[in-house]
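In what follows, a single structure is set out as structure tokens and then discussed.
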Amino acid sequence: APVQTSAVIEPDQDGDGIADSQDNCILVANGPLIPDAGGNIQLDTDGDNYGNICDPDFDNNLVVGASDLAYFKPMYFSGDPLADLNGDGVVAGADLAILKVMYFGPPGPSGLAP
């Protein structure tokens, strides 16, 4: 008898072409089908398994807070790759908007990090 196989299609909540289990930012598109503003795919400057676009937790303590804002403020209008959350090459209003929305919350969510 022939062996039946069925393909399991994994969820991709943000539609960026990366399955949630492998996506470093599950709710915001940053994969190969929809790159970020700078054309980056799954950009994760600090290597913590949270994509930049959902990771304004610069001190990596799993809470976006005052110390992260303190890091961010002097980077405004710079090309700092860590504070450049949307990957467009400059730290500006769009990056501050991401930080503001995520303030007092955790980075992510990410399928690659706990």
Side-chain angles (χ1 to χ4, degrees):
V3 175
Q4 280 190 313
T5 59
S6 59
V8 175
I9 298 176
E10 288 194 54
D12 178 12
Q13 293 181 62
D14 58 12
D16 66 0
I18 298 289
D20 290 351
S21 65
Q22 298 300 307
D23 198 336
N24 67 13
C25 192
I26 293 169
L27 302 178
V28 181
N30 67 330
L33 298 181
I34 307 172
D36 66 24
N40 299 294
I41 298 166
Q42 298 283 293
L43 181 65
D44 178 10
T45 301
D46 62 2
D48 65 355
N49 289 322
Y50 292 101
N52 282 26
I53 202 155
C54 62
D55 186 18
D57 176 25
F58 306 118
D59 63 6
N60 291 323
N61 69 350
L62 301 179
V63 177
V64 180
S67 62
D68 303 304
L69 181 59
Y71 175 84
F72 183 86
K73 285 171 68 175
M75 298 303 154
Y76 211 74
F77 293 128
S78 79
D80 182 75
L82 189 60
D84 180 18
L85 300 173
N86 70 354
D88 67 356
V90 65
V91 179
D95 305 297
L96 179 59
I98 293 167
L99 190 149
K100 183 178 174 184
V101 167
M102 298 189 71
Y103 205 69
F104 292 129
S110 168
L112 302 176

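What you see below is based on every heavy atom in this structure, not just the backbone, and it leaves out hydrogens, waters and symmetry mates. Predicted model, so just to flag it, every value in this text is computed and none were measured.
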(request) Is it possible for you to say whether Y50 and L99 belong to one hydrophobic cluster, with membership spreading through side-chain heavy-atom contacts below 4.5 Å? (result) no
(request) Working to the nearest 0.5 Å, report the span between CG of N60 and CG of D55. (result) 6.5 Å
(message) Using side-chain heavy atoms (C-beta onward) and a distance below 4.5 Å, is D20 in contact with D12?
(response) yes
(request) Establish, from distance only, whether the side-chain atoms of T45 and N52 form a donor-acceptor pair under 3.5 Å. (result) yes
(message) For S21 versus L112, what's the shortest heavy-atom pair and its separation?
(response) O-CD2, 3.7 Å
(request) Could you tell me whether the side chain of D23 and the main chain of G111 form a donor-acceptor pair under 3.5 Å? (result) no
(message) If I take atom CG from residue N86 and atom CG from residue L96, how far apart are they, to the nearest 0.5 angstrom?
(response) 11.5 Å
(request) Using modelled atom types only, decide if a donor and an acceptor are shared between the side chain of D95 and the backbone of L85 within a distance under 3.5 Å. (result) yes
(request) Decide whether M102 and V91 are clustered together by the hydrophobic rule: side chain heavy atoms of Ile, Leu, Val, Met, Phe, Trp, Tyr closer than 4.5 Å, transitively. (result) yes
(request) Could you point out which residue of I18, N49, I53, D36 forms a side chain to side chain contact (heavy atoms under 4.5 Å, CB included) with C25? (result) I53
(message) Please find the pair of heavy atoms, one from D80 and one from A83, that lie closest to each other, and give the distance.
(response) OD2-N, 2.8 Å
(message) Would the distance check show the side chain of D68 and the main-chain N or O of D59 forming a donor-acceptor pair, the cut-off being under 3.5 Å?
(response) yes
(request) Please answer: with hydrophobic residues joined when any side-chain heavy atoms are less than 4.5 Å apart, are I41 and L43 in the same cluster? (result) no
(request) Search all heavy atoms of G87 against all heavy atoms of N40 and return the closest pair with its distance. (result) O-ND2, 3.1 Å
(message) If hydrophobic clusters are built from ILVMFWY residues whose side chains come within less than 4.5 Å, do I98 and V28 share one?
(response) yes
(message) Under 4.5 Å between side-chain heavy atoms, counting indirect links through other Ile/Leu/Val/Met/Phe/Trp/Tyr residues: same cluster for Y103 and V63 or not?
(response) no
(request) Please step through side chain to side chain contact (heavy atoms under 4.5 Å, CB included) for the pair D46 and D44, ending with a clear verdict. (result) CA-CA 6 Å; D46 62 2; D44 178 10; 2.9 Å; yes
(message) Looking at every heavy atom in both G51 and N30, which two are closest together, and how far apart are they?
(response) CA-ND2, 4.4 Å
(request) Please report the shortest heavy-atom distance between Q22 and Q42, naming the atom on each side. (result) O-OE1, 3.7 Å
(request) Report the relative orientation of the aromatic rings in Y71 and F58; use parallel for angles under 30°, tilted for 30 to 60°, perpendicular for over 60°. (result) tilted
(message) Show the nearest heavy-atom pair for residues L62 and D57, with the distance to one decimal.
(response) N-OD2, 2.7 Å
